[in-house]
Amino acid sequence: MNKLLTIIVPCYNEQEVLPLFMEAINPVIEELAGKMELSTELLFIDDGSTDKTLEILKEYHTLGTADSDEHVSIKPSQPRNNEVCKNIRYISFSRNFGKEAAILAGLKNANGDYAVLMDADLQHPPALLPQMYSELIGSYQALDSVAMYRDDRKKEGFFRRHFSSIFFRLLNKLSKLNLVNGATDFRMMNRPMINAIISMPETNRFSKGIFNWVGFNTKWLPFETGERPAGESKWSSGKLISYSFDAILAFSEVPLKICSWLGIIFCLVSFLIGIVHFIKTIIFGDPVAGFPTLYLMMLLLGGIILLFLGIMGQYLARIYLEIKQRPVYIIKESGGE
Ligand code: UDP
Ligand code: MG
């Protein structure tokens, strides 16, 4: 029996790129089946799209699973070679839950001995799958996962490039994670690793951190992301910044430790200043002066206390969300098992 690879593709409003994706993935699926004796299933996660994404996915599903001698007319926008996409499944969320939720749904519902996560917009080139698979199974090191990092950051905008390299460095410093600069979610892994990931119960999911946290042997390969051929990126700068905060708060307690340490330092300093003033008054009889210092210190301390309360509040809010045990996503409908 051939091994099975599940190709998980989160899609949020991707009606323009889906036909291009199918066109690109079909020959790769054929190559995997032919050269490497690897069967594949495509598992699309429609993350609450508001365009025709779900309709298109349903069409692919019926086309792909249709009996091979049954006549189906294929429009140009549809996959031409329906011979090779027999295994097309979809899961559709009741609303937009975000890419992290889509990744979890994909991994939970994958039937494969292996799974690969990839974007629908062809920025994760399907042509790399055979190489990833042969690294994964053919390596001497008994790999569990082959992950890809971006090697073409120069093409990105100034803000995004610098912001993301600062983010990776900061996160590695503040947490026990060790993420490669430019790490993406484009990753192929084996069943034990998939099972480890889906056994993590947290609702606030930062996948890159989870992949790293569960351990296993991972090999990192560089790749170049192309331009998005159609549609647009779903990430605004604001979304990226809040995603980064979420990641740091999910994997690091350092912000809380900073609060405590600064608290201790302030106490010590004020104690020392107190002694100095005491001696000055007793021995030299200096009059008390320095009201500006006084109110500036009050403002500073008030500010710091509020800031730290805010940081604690952020953790508290996350505890509150986790404790509610809400599902990470809600499936409205699905096709294929
Ligand atoms: N995506 C998703 N849910 C979202 C946002 C994005 O499933 O809320 C999917 C999107 O359809 C694409 C992938 O995640 O397949 C990457 O998104 P995008 O290309 O917008 O991100 P970028 O490449 O700009 O980081
Ligand atoms: Mg993209």
Side-chain angles (χ1 to χ4, degrees), residues 6-25 42-57 60 88-110 115-126 128-129 147-153 155-165 167-168 179-187 203-208 211 223-244 246-247 328-332 334:
T6 306
I7 302 175
I8 298 167
V9 191
C11 306
Y12 179 48
N13 292 344
E14 300 288 12
Q15 60 180 13
E16 289 94 0
V17 287
L18 275 175
L20 304 175
F21 176 81
M22 284 309 256
E23 240 167 75
I25 199 89
L42 274 168
L43 176 54
F44 291 99
I45 317 294
D46 163 38
D47 186 10
S49 302
T50 47
D51 64 358
K52 293 215 175 78
T53 298
L54 179 59
E55 273 171 54
I56 296 174
L57 293 180
Y60 290 168
I88 302 181
R89 301 162 56 201
Y90 67 90
I91 288 174
S92 177
F93 288 171
S94 58
R95 65 168 168 86
N96 180 243
F97 281 92
K99 189 183 173 190
E100 299 291 344
I103 289 177
L104 178 67
L107 290 174
K108 272 197 174 159
N109 291 283
V116 61
L117 298 166
M118 56 196 307
D119 288 358
D121 59 7
L122 296 176
Q123 289 191 303
H124 298 166
L128 293 176
L129 293 186
M148 311 298 278
Y149 69 91
R150 304 187 51 166
D151 199 20
D152 60 347
R153 300 231 86 134
K155 281 194 206 145
E156 274 181 312
F158 181 84
F159 168 79
R160 231 177 135 156
R161 179 160 33 113
H162 287 274
F163 179 80
S164 94
S165 94
F167 163 70
F168 279 114
L179 297 185
V180 175
N181 186 3
T184 64
D185 295 325
F186 189 17
R187 175 189 284 262
T203 22
N204 176 20
R205 297 184 80 87
F206 172 59
S207 289
K208 290 183 190 76
F211 296 153
F223 82 112
E224 289 205 7
T225 44
E227 295 276 315
R228 205 178 223 281
E232 52 192 33
S233 171
K234 314 295 178 299
W235 295 89
S236 60
S237 308
K239 252 188 168 180
L240 274 178
I241 291 173
S242 98
Y243 181 70
S244 314
D246 269 345
V328 179
Y329 54 83
I330 292 168
I331 296 177
K332 184 178 62 180
S334 60

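Both ligands and their constituent atoms are indexed starting at 1 by order of listing.
- Side-chain contact check for Pro126 versus Met118: some heavy-atom pair is nearer than 4.5 Å.
- Close contacts between ligand 1 and Gly98 involve ligand atoms 3 (N), 8 (O) [criterion: under 4.0 Å to a heavy atom].
- Contacts with ligand 1 closer than 4.0 Å are made by heavy atoms of both the backbone and the side chain of Asp119.
- Nearest protein heavy-atom neighbour of atom 17 (O) of ligand 1: Trp235 NE1, 4.0 Å.
- Using a 4.0 Å cut-off between heavy atoms, Thr225 makes no contact with ligand 1 at all.
- Taking distance alone, with nitrogen or oxygen atoms compared against 3.5 Å, Ser233 approaches ligand 1 more closely than that limit.
- The backbone N or O of Lys234 sits less than 3.5 Å from a side-chain atom of Lys239, completing a donor-acceptor pair.
- For ligand 1 and Asp47, the ligand atoms under 4.0 Å from any heavy atom of the residue are 2 (C), 3 (N), 4 (C), 7 (O), 8 (O).
- Below 30°, between 30° and 60°, or above 60°: for Phe163 and Phe167 the angle between ring planes is below 30°, a parallel geometry.
- Contacts of Cys11 with ligand 1, taken as heavy-atom pairs under 4.0 Å, involve the backbone alone.
- Listed by number with element, the atoms of ligand 1 under 4.0 Å from a non-hydrogen atom of Glu14 are 10 (C), 11 (O), 12 (C), 15 (O).
- One of the N, O or S atoms belonging to Gln123 lies under 2.8 Å away from the Mg ion (ligand 2).
- The shortest distance between side-chain heavy atoms of Leu54 and Lys332 falls below 4.5 Å.
- Seen from the ring of Phe97, Arg95 counts as a face-on cation partner, given the 6.0 Å and 45° thresholds.
- Using a 4.5 Å cut-off on side-chain heavy atoms (C-beta onward), Lys108 and Tyr329 make contact.
- The protein atom (non-hydrogen) at minimum distance from atom 9 (C) of ligand 1 is Pro10 O, 3.7 Å.
- Distances shorter than 4.0 angstrom occur between a heavy atom of Arg228 and an atom of ligand 1.
- Each of the atoms 15 (O) of ligand 1 lies under 4.0 Å from some heavy atom of Ala120.
- Below 30°, between 30° and 60°, or above 60°: for Phe223 and Phe186 the angle between ring planes is above 60°, a perpendicular geometry.
- Closest approach of Leu117 and Phe211 over heavy atoms only: CD1-CZ, 3.5 Å.
- In summary, an N, O or S atom of Asp121 is located under 2.8 Å from the Mg ion (ligand 2).
- Put simply, the side chain of Glu100 gets close to the backbone of Ser207: a donor and an acceptor are under 3.5 Å apart.
- In this structure, atom 6 (C) of ligand 1 lies nearest to the protein heavy atom Lys234 CG, 3.7 Å.
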